[in-house]
Amino acid sequence: MSRPSSGRGETRVKRTGCAGGHLPALDDARASSPEARLLSAFRRDAQHASKVYLGGREYYSEDGKTFELPLVGKIKRQLSADPTFCPEYPSPLGLTEFTRRATEVALGENSRAAVESRVLGVQTPSFTAAVRLGAELLRHWTDVSAAWCGPVYLSSPCDDSLAGIFQAAGIRDIRQYYYWDEQQRCICLEKLLEDLERAPERSVVVLSASAHYPTGADLTQNQWAVITQLMTRRRLLPFLLLPAQALCFGDLKRDAWPVQHCASQGMELLCAQSFSHCFGLYGEAVGHLVCVLKQNSLLLSVKSQAVKLVRSLWAQPSAGGAHVVATVLSNPAHLVECQGEVRRIVERCMLIRDILREKLRLLGTPGCWDHLTQQSGLYCCTGLNDQQVEFLSKRRHVYLLPSGCLNVSAINGHNLKYISESIHLALTTSP
Amino acid sequence: MSVFGEVPQAAPVAVFKLSQDFNNDQCPDKVNLGVGAYRTDEGQPWILPVVKKVEKIIVQDEKLNHEYLPILGLPEFRSAASKIALGDDSPAIQENRVGAVQCLGGTGALKMGAEFLRRFYNGNNNTKTPVYVSAPTWENHNAVFANAGFEDVRPYKYWDAEKRGLDLAGFLGDLESCPQHSIFVLHACAHNPTGTDPTQEQWKQIAEVMMCRLKQNIVFLSGFRSGSLEKDAWAVRYFVSMGFEMFCAQSFSKNFGLYNERVGNLTIVARDVDNLKRVLSQMEKIVRTTWSNPPSQGARIVAATLNSPELFAEWKDNVKTMADRVLLMRAQLKAKLQALGTPGTWDHITEQIGMFSFTGLNPKQVEYMVKEKHIYLMASGRINMCGLTSKNINYVAESIHDTVTMVQ
């Protein structure tokens with residue numbers, strides 16, 4: 001099934017007279033994303049003391065706030081006291097030590113691709129920026145003679161900003177492949193493979209390497225093996241997403257297994273990474289794009305074109321967060337400490353999933369809730385339908401993403417009871 | 001078979017290649033007059049004392065919010081940055097028709113403005129709308145607008161090579177004859193690369209023609225602070241007072257020495273509150289698909305500094321330190337060239353402002369400077385005054401003298 005993406009259509013611009021001239025009137029209703037509207041509705045919901053927002057993008061600790069890993073705070077203070085630190089324009093491709101380590105963490109140490117000099121790593125101002133840069137590279141440089149213009153396949157569902165990013169880069173043909181089965185509450189591999197089988201050669205397929213947003217449902221290693229076989233046969237290019245590396249298994253390298261697998265199959269690939277979650281560096285915007293090429297003879301050209309593209313997007317990435325990440329990744333003791341902290345985050349998320357499932361069982365909430373603990377990462381797809389999600393926000397002031405997905409870390413000791421009761425009511429109260 | 005099999009090698013970015021060549025040069029007397037960053041008299045980058053102070057405060061702050069910044073950026077940064085450009089008492093601000101978007105440096109601000117204009121300026125599709133950039137201009141202006149989808153990026157006359165000054169007549173002529181609905185990118189002050197700005201009288205003439213000619217009077221000012229904040233922002237404020245709607249792309253890289261933190265701001269002056277609201281909502285969408293949330297570090301530093309009277313005063317003092325050193329180097333270079341009796345006039349060196357100076361050296365002379373004298377400057381003849389120090393200024397002056405007399 002290849003439904004075209006139901007992205008927001010072209011905004012119609014109404015001109016309202018030009019005397020003296022002014023910016024054209026813009027259709028307001030379509031301006032914000034569903035997520036922005038959700039947050040806006042939550043903020044306006046001033047009446048309810050128990051209101052809960054479960055659609056956030058960061059990891060929230062038990063007290064409901066984002067926090068910085070203690071190690072990160074320590075390193076920031078060290079770096080700020082460093083007399084050798086130099087406020088220069090960074091290279092457009094970013095800090096060398098950062099890109100080296102970030103690439104290593106995606107592909108593994110001494111990966112064949114890296115040893116053969118077939119890998120380009122570019123620091124970007126965020127995960128979104130990494131996807132955007134990848135999209136721009138594809139748009140400008142895939143199949144130069146054949147003037148490639150897509151299609152790009154996104155999972156159904158996926159992050160609602162992804163389609164917009166590819167379109168902003170000039171790729172209009174965005175399609176979806178079957179991923180999450182609402183009935184079975186898991187990934188439907190069969191339908192996924194059907195969709196990919198039908199994809200035209202040279203299509204790009206965006207796949208989540210781990211901690212899928214927004215469902216939390218990830219492919220198993222066996223499923224990856226089957227998919228990569230198909231993709232190699234059908235000449236499809238994987239664009240892998242690692243927005244929350246380490247938040248799935250509490251292990252940077254293990255979360256990146258699918259990337260390493262694709263590379264080991266000799267595939268050409270793009271991979272967008274973010275270190276926001278595993279370092280608590282949300283504000284500092286640390287993203288990275290890895291590009292694995294088939295031949296090392298192409299590296300210099302692709303690199304030079306990446307520099308050119310970066311120049312016209314943001315010129316250079318910001319240094320701050322990258323220094324911190326590079327410092328941690330290049331120091332084994334730091335790495336151990338960091339992974340320890342991340343593991344605690346992952347364990348807490350797993351615990352919350354477990355407790356939520358248990359609560360629903362005790363309440364006698366209809367349905368099977370095993371999928372809650374089968375998913376991983378920050379997000380979980382409850383399986384609630386549109387009416388139930390609306391019930392939750394309108395009647396119980398509990399805000400889930402429109403897809404019925406929620407950020408597990410936003411659930412804590414204070415609101416767990418209220419949330420589980422609300423979900424129970426949503427499923428048992430007749431509409 | 002690679003999907004990137006036919007990617008051609010792109011030409012290296014000129015200014016980076018220059019720095020690279022400089023770095024590889026073994027000559028002990030080498031001088032780098034290329035890249036646009038401030039240097040002390042010891043030839044070192046300079047962390048502004050006020051920035052160091054604020055950084056320490058931030059890093060010790062236990063209560064700091066670690067979330068993603070809002071898509072449009074840190075609110076206290078955006079408002080402070082716009083105030084700097086438009087003035088505290090700006091009527092436009094008081095009328096609530098000024099908004100801003102925090103961006104990744106000046107380039108990011110240009111990018112956001114360009115993307116918006118392509119989508120909404122004159123109808124939905126502005127790929128054919130002409131965008132005018134000065135001749136010469138910062139070469140990245142062309143790339144940013146082209147990559148945003150504008151197919152028609154053209155030069156307007158600006159630099160008169162013979163006069164070594166502004167070609168006002170040519171500039172006004174291009175304004176008179178440009179197609180309706182054209183977009184003009186103006187440098188508010190310290191023009192890059194020439195360092196030559198219109199005088200206030202000349203700005204008034206420029207504004208007058210724009211008012212009559214451009215039906216949609218949106219201009220795009222690319223600001224950079226060099227000395228007195230009020231003087232530098234005069235052009236921007238004048239245009240606002242004349243009722244223009246505009247975008248103003250600001251960079252805090254140079255005036256805060258925050259090159260690596262990418263601190264920029266796109267100030268939007270709209271016709272009214274309602275208009276502004278709608279523009280910002282569309283800007284959010286554009287930001288969302290580019291970098292989504294801007295980086296916090298640099299914005300926090302700038303916001304803290306601009307919003308504290310004490311720190312603000314200290315910052316202005318730091319900026320004056322930088323500006324004074326540049327002025328000193330300008331004065332000394334001109335004096336030395338005149339003392340050497342170097343052919344040509346050198347008044348433009350002290351008449352131009354900001355970090356850059358268009359020496360007037362032609363490409364052959366530039367090549368001679370690089371190859372024979374190991375003095376690295378842009379092929380356009382642009383030099384960064386900050387590359388000059390008390391230790392190398394004699395050598396540079398003598399080299400220019402040699403070059404101009406030996407090479408035509």
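Residue numbers begin at 1 in each chain, while the letters A, B, ... track the order of the sequences. These figures come from a predicted structure and were not determined experimentally.
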Output a table of donor-acceptor pairs, distance under 3.5 Å, between side-chain atoms of residues 258-265 of chain B and any protein atom two or more places apart or on a different chain; print 'none' if there are none.
from: B:Y259; atom 1: OH; to: B:Y38; atom 2: N; distance (Å): 2.7
from: B:E261; atom 1: OE1; to: A:G320; atom 2: N; distance (Å): 3.4
from: B:R262; atom 1: NE; to: A:Q316; atom 2: O; distance (Å): 2.8
from: B:R262; atom 1: NH1; to: A:Q316; atom 2: OE1; distance (Å): 3.4
from: B:R262; atom 1: NH2; to: A:W314; atom 2: O; distance (Å): 2.9
from: B:R262; atom 1: NH2; to: A:Q316; atom 2: OE1; distance (Å): 3.3
from: B:N265; atom 1: ND2; to: B:Q250; atom 2: OE1; distance (Å): 3.1
from: B:N265; atom 1: ND2; to: B:T267; atom 2: OG1; distance (Å): 3.3

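Proximity to chain B (any heavy atom under 4.5 Å) is restricted, for A:L298, to the side chain, taken from C-beta onward. Contacts between B:E115 and chain A at a heavy-atom distance below 4.5 Å involve the side chain alone, from C-beta outward. Using a 4.5 Å cut-off between heavy atoms, A:Y60 touches chain B through its side chain atoms alone. The contact between A:K308 and chain B is made entirely by side chain atoms (from C-beta outward), counting heavy-atom distances below 4.5 Å. Both the backbone and the side chain of A:R57 come within contact range of chain B, judged by heavy atoms closer than 4.5 Å. Residue A:E201 does not touch chain B at all, counting heavy-atom pairs closer than 4.5 Å. For B:R39, the part lying near chain A is the side chain, with the backbone staying farther off; criterion is any non-hydrogen pair under 4.5 Å. No part of B:P12 comes within reach of chain A, as not one of its non-hydrogen atoms sits under 4.5 angstrom from that chain. Only the side chain of A:V307 comes within contact range of chain B, with heavy atoms under 4.5 Å apart. With a threshold of 4.5 angstrom between heavy atoms, A:L309 approaches chain B through side-chain atoms but not through N, CA, C or O. Residue contact with chain B, scored on non-hydrogen atoms closer than 4.5 Å, involves the side chain of A:L293 exclusively. There is no contact between A:S297 and chain B, counting heavy-atom distances below 4.5 Å.
Residues A:S126 and B:Y68 fail the side-chain proximity criterion, which asks for heavy atoms closer than 4.5 Å. No side-chain heavy atom of B:T290 sits less than 4.5 Å from a side-chain heavy atom of A:T128. Side-chain contact between A:S312 and B:F145 is absent, with no heavy atoms from C-beta onward closer than 4.5 Å. Proximity of A:R132 to B:T289: side-chain heavy atoms (C-beta onward) are separated by under 4.5 Å at one or more points. Contact annotation: the side chain of A:Y282 never approaches that of B:S296 to less than 4.5 Å [non-hydrogen atoms, C-beta and beyond]. Counting heavy atoms from C-beta outward, A:R311 and B:E139 have side chains that approach closer than 4.5 Å.
Put simply, the side chain of A:Q305 never gets that close to the backbone of B:V7: no donor and acceptor are under 3.5 Å apart. Counting only distance, with no hydrogens or angles, the side chain of A:E284 and the backbone of B:Q297 share no donor-acceptor pair below 3.5 Å.
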